[in-house]
Amino acid sequence: YCWISCRNVNPMTLLFLSHCSLYLFWTLHLIFSRYIGSSLMLVLMVASAAIGGTLQYGYNLAIMNAPTTFIQTFINETFLERWDIQLEDYQVTLVWTIIVSIFSLGGLAGALIAGPMTIRFGRKKCLLLSNIFLMSGALLAVTSRAAKSFEMIIISRILVGINAGISMNVQPMYFGESAPKHLRGAISLSSAVFAAFGVVLGQVVGLREILGSEPYWQYLLASNAIPGFIQLLTLPWFPESPRYLLIDRGDKEACINALRRLRGCEVQSSELDEILQEQADTKGMRASRPWELFTDRSVRWQLITVMIISSAMQLCGNDSIYFYASYVFKEAGIADDKIQYVSIGTGTCEFTACIMCNLLIERKGRRFMLMGGFILMTIWAVVFTIALSFEHYISWMPYLSMACIFTYILSFGMGPAGVTGVLPTEIFNQTARPAAYMIAGSMMWLNLFITGMIFPFLVSELSEYCFVPFGAVCLLSALYVGLFLPETKGKSLSVITSEFHKLNFKGQQRTCPSKTQAQYQLGEVCLSTAL
């Protein structure tokens, strides 16, 4: 704040930033106060892991908007100085598109290595080690301008993407395994809250008055090192996942100590018995590999569920709607120099919706929130298409378009943004969970890359109807959730598994499960059952 004041910034801008800061801190307080009754240690662990974890995903998406023009100029000047070549506009745009989209491929690589890393190093150490990629990327970004190398920016985005890909997979797993059953969904959903917080934070830091101006863009790209540094200082003081300590490492004493610290009281026998039961059922079994899940019928519908929901999270068009934001705000009569402030409202909408979902998920359940979010997004996609079609004929249509942007993002935050990351923790057991997160993360990052690449073509070919495919994805996703996804709120893994078992072996006579199948049928009595 003092640094901004010294730059003779407009007082109204300072007032706006102050209100943003107060709002963000108030909403974070609202979340954390929900869990204080459980354990302060658990709350602080969530904050430490998420600040350097999923916050990086949203932050690194948002900070690329402000320096677009400056980096494109830097690319052109670099080519001119090296090879005396003046690039055409489409060539500069192509290089810029690579810089932006390569983040998704880095995320895909991070998702693929996250599973083996969590098995070998554990959940907490995996998050800490991922900062090696982050710090290396930040160093390349901050020195790229002095080195006059746009290639360093590309490599930086790959490394930062790897860090985000690991965090998006490991952090929900760490939270889900560390939280008590009655708060499992809300704690896991904190990952989505911090991702949305990262978007808002990136939009604020990217303002022209802070780091979004021409002299400071390299520092903006490297500013992601600060949250990572905070995580490196704080996360080592918190315990490892209790389930990992007992089931993967076989250290019962360390598991009890971790539970005692995370709960702030003596360990309840029922919670420890549940973990011991899972350890007994998976004893002698190694961690599953991703391709083994595809061939195991006992997890067929669990795998189909996480693949569909993870893909729908990116194919629903939420990230693409940010593309239309500036255009719609301009059509609504907002001055060009004020659009950057109004755009912060889009990130704030998603952040607010994730908080609301966090407060509601343990009351309404995962299925209700997920299906409701997709249904609302379908409705707003239809309204948005109508508004875009008539914006040149009816004077107030641009305002309806602007309203649709906010409601679409709110609906996304209330459902898919939060609930998607919770599901793999709840429907897969300890041996299958890392592989399941690898598959879910890979689908998410791959579809994010595909959406980013094809969206410009959808706009040019379909024009105002470009959101029709996204609306169709939302509608089909809502139907799938309503027809096939059982509610998981407050249920043990054995109960959830038995409900999926009815889908996986529908219409078949099944006796006592085989050794391979038993690892997913935790707590289930082996009785001959006609299904």
Task: By side chain to side chain donor-acceptor pair (under 3.5 Å) - contacts of N60 (at least two apart) - done: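 For N60 the side chain to side chain donor-acceptor pair (under 3.5 Å) partners, ignoring immediate neighbours, are Q56, N224.
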TODO: Enter the distance from S298:OG to L293:CG here, rounded to the nearest 0.5 Å.
DONE: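 It comes to 9.0 Å.
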Atom pairs and distances, side-chain donor-acceptor, residues 139-148, under 3.5 Å, sequence neighbours left out:
{"from": "T143", "atom 1": "OG1", "to": "L139", "atom 2": "O", "distance (Å)": "2.8"}
{"from": "T143", "atom 1": "OG1", "to": "L140", "atom 2": "O", "distance (Å)": "3.4"}
{"from": "S144", "atom 1": "OG", "to": "A141", "atom 2": "O", "distance (Å)": "2.7"}
{"from": "R145", "atom 1": "NH1", "to": "E214", "atom 2": "O", "distance (Å)": "2.8"}
{"from": "R145", "atom 1": "NH1", "to": "Q218", "atom 2": "OE1", "distance (Å)": "3.1"}
{"from": "R145", "atom 1": "NH2", "to": "E214", "atom 2": "OE1", "distance (Å)": "3.4"}
{"from": "R145", "atom 1": "NH2", "to": "E214", "atom 2": "OE2", "distance (Å)": "2.4"}
{"from": "K148", "atom 1": "NZ", "to": "E81", "atom 2": "OE2", "distance (Å)": "3.0"}

Donor-acceptor pairs are to be reported for all side-chain atoms of residues 414-422 against protein atoms at under 3.5 Å, with residues two or more places apart or in another chain.
{"from": "T420", "atom 1": "OG1", "to": "P416", "atom 2": "O", "distance (Å)": "2.6"}

TODO: Please say which of W217, W96, F150, F79 ends up in a ring pair (Phe, Tyr, Trp, His ring centres under 6.0 Å) with F74.
DONE: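 Passing option: W217.
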Table please: side-chain donor-acceptor pairs of residues 370-384 below 3.5 Å, with sequence neighbours left out.
{"from": "T378", "atom 1": "OG1", "to": "F374", "atom 2": "O", "distance (Å)": "2.8"}
{"from": "T378", "atom 1": "OG1", "to": "L475", "atom 2": "N", "distance (Å)": "3.2"}

Task: salt bridge (charged side-chain N to carboxylate O under 4.0 Å, His left out): pairs with one or both residues in residues 304-313, sequence neighbours excluded - done: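 Every pair satisfying salt bridge (charged side-chain N to carboxylate O under 4.0 Å, His left out) with a residue in residues 304-313: there are none.
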Task: Any pair counted as salt bridge (charged side-chain N to carboxylate O under 4.0 Å, His left out), so long as it reaches residues 162-176, sequence neighbours left out - done: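 Passing the test, one end in residues 162-176: no pairs.
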Qualifying residues under salt bridge (charged side-chain N to carboxylate O under 4.0 Å, His left out), relative to [X], sequence neighbours excluded:
X    : value
R243 : E274, E278
E151 : R82
E426 : R184, R366

Open item on the list: Applying side-chain hydrogen bond (donor to acceptor under 3.5 Å, both in side chains) as the test, list every pair that has at least one member in residues 45-54; sequence neighbours left out.
Closed with: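 Non-adjacent pairs meeting side-chain hydrogen bond (donor to acceptor under 3.5 Å, both in side chains): S48-T234, T54-Q171.
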- [ ] Any side-chain hydrogen bond (donor to acceptor under 3.5 Å, both in side chains) involving residues 107-117? Give me the pairs, sequence neighbours left out, ordered by first then second residue.
- [x]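 Found none.
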May I have the list of side-chain donor-acceptor pairs in residues 116-124 shorter than 3.5 Å, sequence neighbours left out?
{"from": "T118", "atom 1": "OG1", "to": "A114", "atom 2": "O", "distance (Å)": "3.3"}
{"from": "T118", "atom 1": "OG1", "to": "G115", "atom 2": "O", "distance (Å)": "2.7"}
{"from": "R123", "atom 1": "NE", "to": "E177", "atom 2": "OE1", "distance (Å)": "3.0"}
{"from": "R123", "atom 1": "NH1", "to": "T118", "atom 2": "O", "distance (Å)": "3.3"}
{"from": "R123", "atom 1": "NH2", "to": "E177", "atom 2": "OE2", "distance (Å)": "2.9"}
{"from": "K124", "atom 1": "NZ", "to": "P236", "atom 2": "O", "distance (Å)": "3.4"}
{"from": "K124", "atom 1": "NZ", "to": "F238", "atom 2": "O", "distance (Å)": "2.7"}

Task: W445 and Y57 aromatic ring geometry - parallel, tilted or perpendicular at 30°/60° bounds - done: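 If you compare the ring of Y57 with that of W445, the planes turn out perpendicular.
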- [ ] Using side-chain contact (heavy atoms from CB on, under 4.5 Å) as the criterion, point out the one residue from D296, I304, L303 that pairs with R300.
- [x]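 Of D296, I304, L303, side-chain contact (heavy atoms from CB on, under 4.5 Å) with R300 is met by I304 alone.
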